[in-house]
Amino acid sequence: MRRLRSSQAIRDMVSENSINPSKLVMPIFVDETIKSPVEIRSMPGIFSYDPASLEDYGKTLLKKGVRNVLVFGVPHRKDPQGTESYNNDGVSQSAIRTLSSMGFLVIADLCMCEYTDHGHCGILKGSTVDNDSTLEIYGKIAVSQAKAGAAIIAPSGMMDGQVKAIRNALDHAGFTEIPIMAYSAKYSSQLYGPFRDAAKSTPSFGDRKTYQMNPANAREAMREIQLDVDEGADMIMVKPALFYLDVVKEARRTFSLPLVAYGVSGEYSMIKNAVDTGLLGEAAITEYAVSIFRAGADILITYFAEYLAERILKN
Ligand code: PBG
Ligand code: ZN
């Protein structure tokens, strides 16, 4: 076996997987409530950007070779219905407009938890999220994001029927060519903790277990994905990535659509903290990323995208 491991050149030549910036997506937080970029307390090295600073950060990303971004907006005003989520001049719509005009492939995260004052991913009926009234809002958000120039719509709320509702809304508004990247198998995970800091979207009561998946289940993930495929998803996703590589692998085996894995905020923070404190060598970051491709992902959403793209450009 060692004949094929004798030099970097031969190791590179026989490598089964590699990290290519065109397969990476960098998430970006745009926050209307701040006046200058703010480092996210639980995500060292990752910042929230005020709308006016976004273009400068975009230029930095382009220089480093990042071309794909996933946009999250934090609005100045939250209410029970999350009405800012479909404001054509809202924070995410403006950010989508800015970034797409700079030449990025812009993926719009579609959810309501950043926009509702209660922090849930949809409209409440009593103390639970009402599925079908939420779908109507999701349709409006999708159209406003498409109007703003989003290249791909990525619904992350885990309502039943969300892909079909969004597909219908987009088609009726004339956006038949815009693909849907479905957060299909999204688990109810502690690994979203740092994200909720950044997006200020921690639920004010309860949790997301009535809509996000139970971490104990893998077969159920295949059902979730199948439903999204049937409803017209163009790409499917497993989220988180690191604790769910078995699900990534099974999805790869079962489905032929482009498969996305989301290496979430908690994965980033664990690894980044370990590297920054010297507990792990820096190469842990590429080992982490390549493990997700090895499991079968075609596309990786990761807060390390900026770091990885820059590193590849330098080599
Ligand atoms: C919104 C959303 C979340 C993430 C992506 N979209 C948070 C959640 O469901 O609470 C998590 C991303 C991350 O942790 O990096 N529904
Ligand atoms: Zn949400």
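Both ligands and their constituent atoms are indexed starting at 1 by order of listing. As the structure is a computational prediction, the values presented were derived from the model and not from experiment. Just the heavy atoms: all of them, side chains too, but no hydrogens, waters or symmetry mates, feed the values below.
The Tyr262 neighbourhood of ligand 1 comprises atoms 12 (C), 15 (O), with distances under 4.0 Å to a heavy atom of that residue. Shown in contact with Arg208 at under 4.0 Å from a heavy atom are these atoms of ligand 1, numbered in order with element: 8 (C), 9 (O), 10 (O). Residue-ligand proximity, Ser156 to ligand 1, at heavy-atom distances under 4.0 Å covers atoms 1 (C), 2 (C), 6 (N), 16 (N). Close approach of ligand 1 to Tyr303 is summarised as follows: ligand atoms under 4.0 Å from at least one heavy atom of the residue are 12 (C), 13 (C), 15 (O). Contact atoms of ligand 1 toward Phe72: 5 (C), 6 (N) (distance under 4.0 Å to a heavy atom of the residue).
Ranking protein heavy atoms by distance to atom 2 (C) of ligand 1, first place goes to Lys186 NZ, 3.3 Å. When hydrogens are left out, the protein atom nearest atom 14 (O) of ligand 1 is Ser265 OG, 2.7 Å; that is the closest non-hydrogen contact. Considering only non-hydrogen protein atoms, atom 10 (O) of ligand 1 sits nearest to Arg196 NE, 2.7 Å.
For Phe243 and Tyr187, the ring centers are positioned 6.0 Å apart or more.
For the pair Leu24 and Ile19, the tightest heavy-atom approach, listed with the atom from each and the gap, is CD1-CG2, 3.9 Å. Residue Ala182 comes nearest to Val163 through the heavy atom pair CB-CG2, 3.7 Å, listed as atom of the first residue, atom of the second, then distance. When all heavy atoms of Leu313 and Gly65 are compared, the closest pair comes out as CD2-N, 4.2 Å.
Only the side chain of Cys111 comes within 4.0 Å of ligand 1, judged by heavy-atom distances. If you look at Tyr268 next to ligand 1, there are no close heavy atoms at all, none under 4.0 Å.
Under the 4.5 Å side-chain criterion, counting only non-hydrogen atoms from C-beta, Ser144 is not in contact with Lys147.
Ligand 1 is never approached by Met158 to a heavy-atom distance shorter than 4.0 Å. At least one heavy atom of Cys113 sits under 4.0 Å from some atom of ligand 1.
For atom 4 (C) of ligand 1, the nearest non-hydrogen atom from the set Lys239, Gln212, His120 belongs to Lys239.
Atom CD in Glu114 sits 7.5 Å away from atom NZ in Lys78 (nearest 0.5 Å).
For ligand 1, none of its N or O atoms has an N or O atom of Glu114 under 3.5 Å away.
At a threshold of 4.5 Å between side-chain heavy atoms, the hydrophobic network of Ile, Leu, Val, Met, Phe, Trp and Tyr places Ile34 and Phe47 in two separate groups.
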Run Met159 and Asn131 through side-chain contact (heavy atoms from CB on, under 4.5 Å) and show every step you take. CA-CA 6 Å; Met159 294 302 119; Asn131 198 84; 3.6 Å; yes
Kindly indicate, with the supporting measurements, whether the criterion salt bridge (charged side-chain N to carboxylate O under 4.0 Å, His left out) is fulfilled by Asp298 and Arg252. CA-CA 9 Å; Asp298 297 303; Arg252 166 77 302 142; 2.8 Å; yes
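Relative to the ring axis of Tyr192, Lys186 places its NZ or CZ within 45° and under 6.0 Å from the centre.
The angle Cys111:SG - the Zn ion (ligand 2) - Cys113:SG amounts to 120°, with values rounded to 10 degrees.
For residue Cys121, an N/O/S atom approaches the Zn ion (ligand 2) to within less than 2.8 Å.
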